Amino acid sequence: MPPAHPILLTGIAGFIGGHLASALLARGYNVVGIDNFDPFYPRARKQLNLAHAQSISGTPSHGNLTFTEMDLTDQQAAADLFARHTFDGVIHLAAKANPRLSVADPVGYTHANVTATAVVLNEARKQFHAGACRRVVCASSSSVYGNCTTPPFHEDLNVDYPISPYAASKRACEIIAWTHFNLHKHPVAMLRFFTVYGPRQRPDLGVSTFIDKISRDQPITLFGDGTMARDCTYIDDAVAGIIAAYQRIDAHGYRVWNLGHSTPITVNEMIATVSTTLGKAPILIPGQAQPGDVQLTYADLTRARAELGYNPTTPFAQGVAKQVAWYRSLH
Ligand SMILES: NC(=O)c1ccc[n+]([C@@H]2O[C@H](COP(=O)([O-])OP(=O)(O)OC[C@H]3O[C@@H](n4cnc5c(N)ncnc54)[C@H](O)[C@@H]3O)[C@@H](O)[C@H]2O)c1
């Protein structure tokens with residue numbers, strides 16, 4: 001039975017946020033979504049991310065969606081939002097989300113990611129003390145593992161050596177969230193996502209880029225030798241993990257969970273799978289490995305499977321086929 005009060009979903013116009021909003025509405029949750037349409041990728045893409053959720057809002061057996069455009073680093077705007085609504089809890093996905101680009105903009109990434117998380121937690125705990133807003137779920141990232149040398153990466157590994165400002169901002173959020181829980185006993189889950197892909201994927205990410213470039217006969221710059229590997233997670237699997245974390249965090253207090261697939265795919269394999277799915281050969285040009293890029297991401301899912309019942313089921317080739325079908329529907 002969905003709760004009476006809505007869930008606050010930040011970053012709702014993003015890739016994961018748009019999918020999660022639709023899944024929550026379909027389960028009968030009411031959702032208040034906010035986003036500032038950060039110009040990191042086009043607003044039109046973000047409106048497309050929101051459109052499906054908006055189209056099912058209020059339909060039979062679905063919850064209602066209310067959307068507000070706002071910037072979470074604006075403390076007064078956040079206070080006003082929490083004054084207007086009583087929330088069941090918060091799922092905080094809003095962030096600037098690209099490790100490579102963060103190298104040139106550490107201040108912007110720290111502001112959008114760390115300050116906004118502190119603002120959300122601060123407003124959420126005020127409602128918690130007043131008997132509402134029972135929990136917060138926040139997006140962290142596999143990038144916090146940096147170049148750890150003991151894969152697969154378990155949540156208890158030392159993650160004090162991130163190699164990009166983005167990863168450092170996500171690690172900072174985890175520490176701030178732990179302090180928040182320790183002070184206020186307000187449950188907080190930190191979810192380490194591993195390269196989420198599928199229809200509407202962010203245009204800066206590998207699979208998106210490869211589909212677009214191969215389709216348009218454009219060259220792909222291969223940064224490094226193509227052996228860099230990512231543990232790619234299909235969007236529906238990630239969404240199921242987020243909802244499970246929302247439903248189960250109260251029993252844990254503060255908890256970090258990996259949401260990956262536990263099957264790293266090299267960049268060379270990604271390009272080959274996309275190429276086979278499209279039935280077209282890639283044009284590759286060599287490039288330098290980029291600062292901020294880790295060599296490997298690889299999730300140990302022991303904890304998420306045991307505590308969340310998390311069970312990612314989508315094989316990479318199947319997920320890519322769905323993303324290609326979506327891409328073709330637009331072009
Ligand atoms: N997609 C992945 O593979 C992946 C991997 C690891 C972690 N994550 C994390 O998951 C979350 C969602 O990722 P995504 O791929 O959907 O990214 P996204 O960029 O598509 O979505 C993030 C959304 O947050 C919004 N936003 C940014 N700053 C904001 C602010 N100050 N106020 C309000 N809204 C703001 C953006 O406009 C955007 O729509 C992010 O926190 C990201 O760091 C994603």
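In each ligand, atom 1 is the first atom listed, and ligand 1 is the first ligand listed. Keep in mind that this is a model prediction, so the values were computed, not measured.
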(message) Before we go on, tell me: are the rings of Y197 and F316 under 6.0 Å apart, centre to centre?
(response)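 They qualify: ring centres under 6.0 Å apart.
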
(request) Kindly say whether the aromatic ring centers of F67 and F37 come within a distance under 6.0 Å. (result)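 For F67 and F37, the ring centres are under 6.0 Å apart.
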
(request) Begin from the C-alpha positions of Q201 and V207 and carry the test side-chain contact (heavy atoms from CB on, under 4.5 Å) through to its verdict. (result) CA-CA 8 Å; Q201 191 195 31; V207 176; 3.6 Å; yes

Just the distances, no angles: every ligand 1 N or O to protein N or O pair closer than 3.5 Å, one line each.
from, atom 1, to, atom 2, distance (Å)
ligand 1, 1 (N), R202, NH1, 3.4
ligand 1, 3 (O), V196, N, 2.7
ligand 1, 15 (O), R202, NH1, 3.0
ligand 1, 16 (O), F15, N, 3.2
ligand 1, 16 (O), I16, N, 2.8
ligand 1, 20 (O), F15, N, 2.9
ligand 1, 20 (O), Y41, OH, 2.5
ligand 1, 24 (O), A95, N, 3.4
ligand 1, 26 (N), N36, OD1, 3.3
ligand 1, 31 (N), D71, OD1, 2.9
ligand 1, 32 (N), L72, N, 3.0
ligand 1, 34 (N), N36, N, 3.2
ligand 1, 34 (N), N36, OD1, 3.2
ligand 1, 37 (O), D35, OD1, 2.6
ligand 1, 37 (O), N36, OD1, 3.3
ligand 1, 37 (O), D38, N, 2.9
ligand 1, 37 (O), K46, NZ, 2.9
ligand 1, 39 (O), G14, N, 3.3
ligand 1, 39 (O), D35, OD1, 3.2
ligand 1, 39 (O), D35, OD2, 2.7
ligand 1, 39 (O), K46, NZ, 3.4
ligand 1, 41 (O), L93, O, 2.8
ligand 1, 41 (O), K170, NZ, 2.8
ligand 1, 43 (O), Y166, OH, 2.6
ligand 1, 43 (O), K170, NZ, 3.3

(request) Using a 4.5 Å cut-off on heavy atoms from C-beta on, say whether the side chain of K96 contacts that of D105. (result)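 In short, these two side chains touch, coming nearer than 4.5 Å.
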
(request) Go through R43 and E69 one step at a time and tell me if the salt bridge (charged side-chain N to carboxylate O under 4.0 Å, His left out) criterion holds. (result) CA-CA 12 Å; R43 186 182 178 106; E69 182 170 346; 2.8 Å; yes

(request) Taking R134 for its side chain and D250 for its backbone only, find out whether a donor-acceptor pair lies under 3.5 Å. (result)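 A pair under 3.5 Å: no.
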
